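We count residues from 1, following the sequence as given. Note that the structure is predicted; figures quoted are calculated from it, not measured. Only this structure's heavy atoms are used, side chains among them; waters, hydrogens and symmetry mates stay out.
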Amino acid sequence: MVTGQGPLLVFILGLCVTPPTLAQDNSRYKRFLTQHYDAKPKGRNDRYCESMMESRELTSPCKDTNTFIHGKKGSIKAICGNKNGSPYGEHLRISKSPFQVTTCKHSGGSPRPPCRYRATAGFRHIVIACENGLPVHFDESFFRL
């Protein structure tokens, strides 16, 4: 009987299991960026919202509300740590600094395309959920007046 192979087998199995988990986390982060990130918007009006919502495939059916965050990815990621974020509730983080954002609200009518949106541009602190140091969810329900 050969001994000492148990820990090696566990290590090798761990290597096989870890990459898909990391890839899944990365895919949630990429989805967050697709839905909520636009570094340098060209205009922040109704036409901007309609164009962005369609190009980001958020119109089948028409998504009721979506916010695009403008700025640097690093500043958004920093909310997941203490550099630019603080705990907010049980599982969320709030930014320490305000971000430039554009919120797109479906203006009614059919939930099927073509979707019409109203844009609201402004600055606000944002609330996100993080996993493994990456933003994975934007909390649309938070609005600071």
Pair I69, F138 - check side chain to side chain contact (heavy atoms under 4.5 Å, CB included), show working.
CA-CA 10 Å; I69 307 163; F138 182 87; 3.7 Å; yes
Give the table of side-chain donor-acceptor pairs shorter than 3.5 Å for residues 112-120, with sequence neighbours excluded, one pair per line with atom names and distance.
unit_1, atom_1, unit_2, atom_2, d
Y117, OH, K63, N, 3.1
Y117, OH, K63, O, 2.9
R118, NH1, D46, OD2, 2.7

Is there a side-chain contact between [X] and [Y], using heavy atoms and a 4.5 Å cut-off?
X    : Y    : value
H106 : T65  : no
M52  : C104 : no
L33  : K73  : yes

Are Y29 and F99 co-members of a hydrophobic cluster defined by side-chain heavy atoms under 4.5 Å apart?
yes
Are Y48 and L58 connected in the hydrophobic side-chain network, where two residues link if heavy atoms are under 4.5 Å apart?
yes
Can you measure from [atom1] ([X]) to [atom2] ([Y]) and round to the nearest 0.5 angstrom?
X   : Y    : atom1 : atom2 : result
R31 : H36  : CZ    : NE2   : 8.5 Å
S95 : K83  : OG    : NZ    : 14.5 Å
M53 : C62  : CE    : SG    : 8.0 Å
R28 : N132 : CZ    : CG    : 10.0 Å
I79 : K77  : CD1   : NZ    : 12.5 Å

How close do [X] and [Y] get, heavy atom to heavy atom, and via which atoms?
X    : Y    : value
R56  : T34  : NH1-O, 2.7 Å
T103 : R124 : OG1-NH1, 3.6 Å
V136 : F32  : C-CD1, 3.9 Å
H70  : D38  : ND1-O, 2.8 Å
F68  : Y37  : CD2-N, 4.2 Å
I128 : I76  : CD1-O, 4.0 Å

Mark yes when over 12 heavy atoms from residues, nucleotides or ligands other than K96 sit less than 6.0 Å from its NZ; otherwise mark no.
yes
Check the surroundings of atom CD in Q35: do more than 12 heavy atoms from other residues, nucleotides or ligands lie under 6.0 Å from it?
yes
Test side chain to side chain contact (heavy atoms under 4.5 Å, CB included) applied to I126 and I94, step by step:
CA-CA 6 Å; I126 61 173; I94 186 169; over 6 Å; no
Donor-acceptor pair between N84 and S97 side chains, under 3.5 angstrom:
yes
